[in-house]
Amino acid sequence: MKTLFERFEVLEDPRDIRGKKYKLIDILIMTIYGILCGLTDYTNIADFIKLKEDYFKELLKLEHGTPSHDCLSDVFAAIDSKKFMGIFIEWTKEIVKKKTNKNISIDGKAVKSATDA
């Protein structure tokens, strides 16, 4: 089974190298943590990451503290959202399969509709 790092390494980072403080994979992982904890917006995710700053600094070797909600929002506005969603769904399906030995069907269009409200 591929790690989350390995899965997302194929996602292109379109950000300008100048001023970039955080690796794309670090932003993705911190945001996914927030999403899996039930958070639904960048402000709350950034606050959650800040509360868990020591953990994320150790896990991801962050050198510049934690990212702001603007940083999270900017990254997700810049990346290929369809590719991100495809990778995320495949990763989720693989985890469920490994844990339950059952296949699940996730409809990407339904997931998108649920988040467009």
Side-chain angles (χ1 to χ4, degrees):
M1 182 166 128
K2 286 185 178 180
T3 67
L4 194 57
F5 287 91
E6 293 168 331
R7 287 197 173 271
F8 280 105
E9 70 185 359
V10 300
L11 192 61
E12 182 183 342
D13 187 349
R15 299 175 295 162
D16 189 332
I17 191 76
R18 295 173 295 178
K20 184 166 55 170
K21 292 182 179 179
Y22 306 99
K23 295 182 216 171
L24 177 63
I25 189 63
D26 292 349
I27 296 285
L28 298 176
I29 286 175
M30 288 184 280
T31 304
I32 289 169
Y33 264 76
I35 291 167
L36 293 176
C37 289
L39 304 171
T40 58
D41 62 73
Y42 296 117
T43 300
N44 286 325
I45 292 171
D47 290 346
F48 166 79
I49 294 168
K50 186 70 175 166
L51 284 172
K52 304 291 184 184
E53 184 171 6
D54 291 341
Y55 173 76
F56 285 114
K57 278 186 169 182
E58 184 177 330
L59 177 69
L60 303 172
K61 312 298 183 231
L62 301 178
E63 297 175 9
H64 303 286
T66 60
S68 68
H69 69 280
D70 287 332
C71 177
L72 300 176
S73 176
D74 291 348
V75 167
F76 277 86
I79 64 172
D80 181 338
S81 60
K82 288 180 182 168
K83 193 166 189 176
F84 170 83
M85 186 60 83
I87 295 167
F88 183 76
I89 288 170
E90 287 306 312
W91 173 70
T92 305
K93 286 167 55 174
E94 189 171 332
I95 288 173
V96 171
K97 172 80 171 151
K98 184 177 180 183
K99 297 290 183 187
T100 66
N101 204 26
K102 295 180 183 177
N103 287 314
I104 61 167
S105 177
I106 299 175
D107 181 356
K109 290 178 185 172
V111 171
K112 183 180 181 329
S113 295
T115 62
D116 283 345

ask   = If every non-hydrogen atom of Lys61 is compared with every non-hydrogen atom of Glu58, which pair is closest and at what distance?
value = NZ-O, 2.9 Å

note = Separation between CD1 (Ile27) and CD1 (Ile32), nearest 0.5 Å, reads 11.5 Å

request  = Would you check if Phe48 and Asn44 make a side-chain contact, meaning some heavy-atom pair closer than 4.5 Å?
outcome  = no

note = CE (Met30) and CD1 (Ile45) are apart, to the nearest 0.5 Å, by 11.0 Å

message = If I take atom OG1 from residue Thr40 and atom CD1 from residue Ile35, how far apart are they, to the nearest 0.5 angstrom?
response = 9.5 Å

remark   = Heavy-atom nearest pair, Arg15 first then Leu24, reads NH2-N, 3.2 Å

Distance in Å, Phe8 CZ paired with Ile87 CD1, rounded so as to fall on 0.5 Å steps = 5.5 Å

request  = May I have all residue pairs that pass ring pair (Phe, Tyr, Trp, His ring centres under 6.0 Å) and include part of residues 9-28, sequence neighbours excluded?
outcome  = none

note = Taken to the nearest 0.5 Å, the spacing of Glu9 CD from Leu28 CG works out to 12.5 Å

Determine all donor-acceptor pairs shorter than 3.5 Å in which one atom belongs to a side chain in residues 66-84; sequence neighbours excluded.
residue	atom	partner	partner atom	Å
Ser68	OG	Asp70	N	3.4
Ser68	OG	Cys71	N	3.1
Asp80	OD1	Lys82	N	3.1
Asp80	OD1	Lys83	N	3.1
Lys83	NZ	Val10	O	3.3

request  = Sort and list the pairs that fulfil salt bridge (Lys or Arg N to Asp or Glu O under 4.0 Å) and have at least one residue in residues 19-44, not counting sequence neighbours.
outcome  = Asp13-Lys20

remark   = Rounded to the nearest 0.5 Å, the OH atom of Tyr55 sits from the CD1 atom of Ile49 at a distance of 12.0 Å

message = Any heavy-atom pair between the side chains of Phe5 and Ile29 that's under 4.5 Å?
response = yes

